4 protein chains.
Amino acid sequence: MSLNKVILIGNVGKDPDVRYFDSGAAVANFSLATSERGYTLANGTVVPERTEWHNIVVRRDLVPFVEKWVKKGSGVYVEGKIRTRSYDDQTGVKRYVTEIHADRVEFYNTGTRPADGTQQNTNAGVQPIAGQSAQPANTPVNYQQPTSSQSGAFSETSDADDLPF
Amino acid sequence: MSLNKVILIGNVGKDPDVRYFDSGAAVANFSLATSERGYTLANGTVVPERTEWHNIVVRRDLVPFVEKWVKKGSGVYVEGKIRTRSYDDQTGVKRYVTEIHADRVEFYNTGTRPADGTQQNTNAGVQPIAGQSAQPANTPVNYQQPTSSQSGAFSETSDADDLPF
Amino acid sequence: MSLNKVILIGNVGKDPDVRYFDSGAAVANFSLATSERGYTLANGTVVPERTEWHNIVVRRDLVPFVEKWVKKGSGVYVEGKIRTRSYDDQTGVKRYVTEIHADRVEFYNTGTRPADGTQQNTNAGVQPIAGQSAQPANTPVNYQQPTSSQSGAFSETSDADDLPF
Amino acid sequence: MSLNKVILIGNVGKDPDVRYFDSGAAVANFSLATSERGYTLANGTVVPERTEWHNIVVRRDLVPFVEKWVKKGSGVYVEGKIRTRSYDDQTGVKRYVTEIHADRVEFYNTGTRPADGTQQNTNAGVQPIAGQSAQPANTPVNYQQPTSSQSGAFSETSDADDLPF
DNA sequence: TTTT
DNA sequence: TTTT
């Protein structure tokens, strides 16, 4: 009886760190900032804006997408789950890191856009139904998750979407 | 064992319809549009943009907020649940309408802003933690939900049943 | 600037209706009930339990999973988006139906279980990260979505790295 | 442009730690476990069950509810946001802790139940619409969140729910 | 380290 | 009926 669900919309702090392994495994890591507006209380107390940094971890078929499109400053929608892992730092002290293991990453139009002139900035919004991964709007369709449950969404040709109902 | 949760971000189609009753009850209704980008399939098929219209229903303490701030064009974040009700139309035919009963409505900065020059447009983002209702950024804190909408939830009778309180 | 997200946990009303098309497209439909407890207001008014029925629509690679495992009574977790479509009924009257287009369907242990003796009922909980679709716990692994973005989720060993693929 | 949303369903690890301050502030902390089923890969590799522990932080009007009802073993639904804070441990080393700041806590029937014999476990499901916080069914309406950002949520009595539609 |  |  369990649910562990995270939904984030924010901006990427710097270009993702991407690693491919001999085994074929792939991982991308990036930090995502979500911000809460500051405000002033009735009594005059000022509560400043607060930024939260999330460690996003992406694996498998989402990695190439992230590698290609997600950049410092990108406005991104992330769905995934929380995971905390521990490791021993250089001094032998046990450390804990909490990460968001993403099972969906999509572009969100925030007005910001990558410096490269690609068109993801024209996205009208996030399209969760689009599947596990996403591709910038107007991106050549041949960018595609090798076969994801969802990718079908973009790769399918005839089927579902021209169903007679 | 049940969960009925909806999260929407979109734009308001026209000014909300607000009604106050003698009983003190209040209801606001507005339509919210969410859009999916169009895209082109690998085979060249063009799947056009698609807009979905949601009937949002707001009650109780959220109503004054909606009445005051939510306008045609507003970028809004809504959390709530799905509810379908039926009614008989003029011709006696039974009709069904699905609505989203909101328990949270907040401004989302979409670049669009109400024509009145208020400050909700300065919001840096939605702040779900802000509570059941929301108020535009920098709004005097005394704007507050006097009473709430969830309440019903908590006064259960029978089943939960026989809890000693 | 758009988000259209639905998360439901409930019970399936009857065995899904599954259709495969010559085009290769596949669709499964089933109804899902979510319930709210009844309660009594401070003034003594009794608000009875309320059951909401959702029309779930599943496409593509999720269809075989649904066909095989989802049955009347199944406790199910569904993620998707809201979509309303219209059609003309037999009398020529325009009708609207709101459906939840699922991009994730998983078993949830509700104590209810399919009559067939399979083991999905032993699931410890829903595992959204597990992917777009899901498979009952302890199900022979060979049941699997033909390779979805998530499915990888089932193949991991230790952590990120060192993955054998 | 920001969203930081967490939805968890799991079991409480031990009785919450509750503190009230002279200022009137109140905080409750408890750990919540969510579990992923283990599974076996096609190649025979066994991936064991994995339990994730979340640090839940509750404030204001939700505190009395948590203090009274949430116990070790309770099946609980939590909605909130992720927050990471740092502190210096005894040895002067900077540590980070990620917590979930809840703005909604509700009972979920998981079959598990508090040791005290109350019946919250018989709840038919979580009712997110019920509000920012929650209390077991049948609670006298006077149990109420005094007035917090969310709290307002709990004070209404009659209205809305006996609206003529 | 991002954004507004 | 909104927005990009």
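Side-chain atoms are counted along with the backbone in the values below, which use heavy atoms only and exclude waters and symmetry mates. Not measured: the values here are computed from a predicted model.
Nearest approach of A102(B) to L62(B), heavy atoms of both residues: O-CD1, 4.1 Å.
When the nucleotides dT2(F), dT1(E), dT4(E) are ranked by their closest atom to the side chain of K72(A), dT1(E) comes out on top. For A33(B), whose side chain is taken as the heavy atoms from C-beta onward, the closest listed nucleotide among dT2(E), dT4(F), dT2(F) is dT2(F).
Here the P atom of nucleotide dT1(E) and the NZ atom of K14(A) are 8 Å apart, to the nearest Å. Rounded to whole Å, atom C1' of dT1(E) lies 11 Å from atom CG of D15(A). One can place CG of L32(A) at 14 Å from P of dT4(E), the figure rounded to the nearest angstrom. The distance from atom CG of N55(B) to atom C1' of dT1(F) is 11 Å, rounded to the nearest whole Å. Note: CZ (R37(A)) to P (dT3(E)) measures 19 Å, nearest angstrom. Atom-to-atom, CG of L3(C) to P of dT2(F) comes out at 21 Å; the value is rounded to the nearest Å. With rounding to whole Å, Y96(D) atom OH is found 13 Å from dT1(E) atom C1'. As rounded to whole Å, 11 Å separates atom C1' of dT3(F) from atom OH of Y108(A).
Applying the side-chain hydrogen bond (donor to acceptor under 3.5 Å, both in side chains) test to D88(C) and every residue at least two apart in sequence or in another chain returns nothing. In this view, N29(A) and D17(A), R19(A), V27(A), V57(A) satisfy the side chain to side chain contact (heavy atoms under 4.5 Å, CB included) rule, not counting sequence neighbours.
For dT1(E), the base has a donor-acceptor partner in the side chain of S31(A) [N/O atoms by modelled type, under 3.5 angstrom]. With hydrogens and angles ignored, no donor-acceptor pair closer than 3.5 Å exists between the side chain of T51(A) and the base of dT1(E).
Per the stacking criterion (ring centres < 5.5 Å, plane angle < 30°), W53(A) stacks onto the base of dT1(E).
Y77(B) and E79(B) are linked by a side-chain donor-acceptor pair at a separation below 3.5 angstrom, with hydrogens and angles left out of the test.
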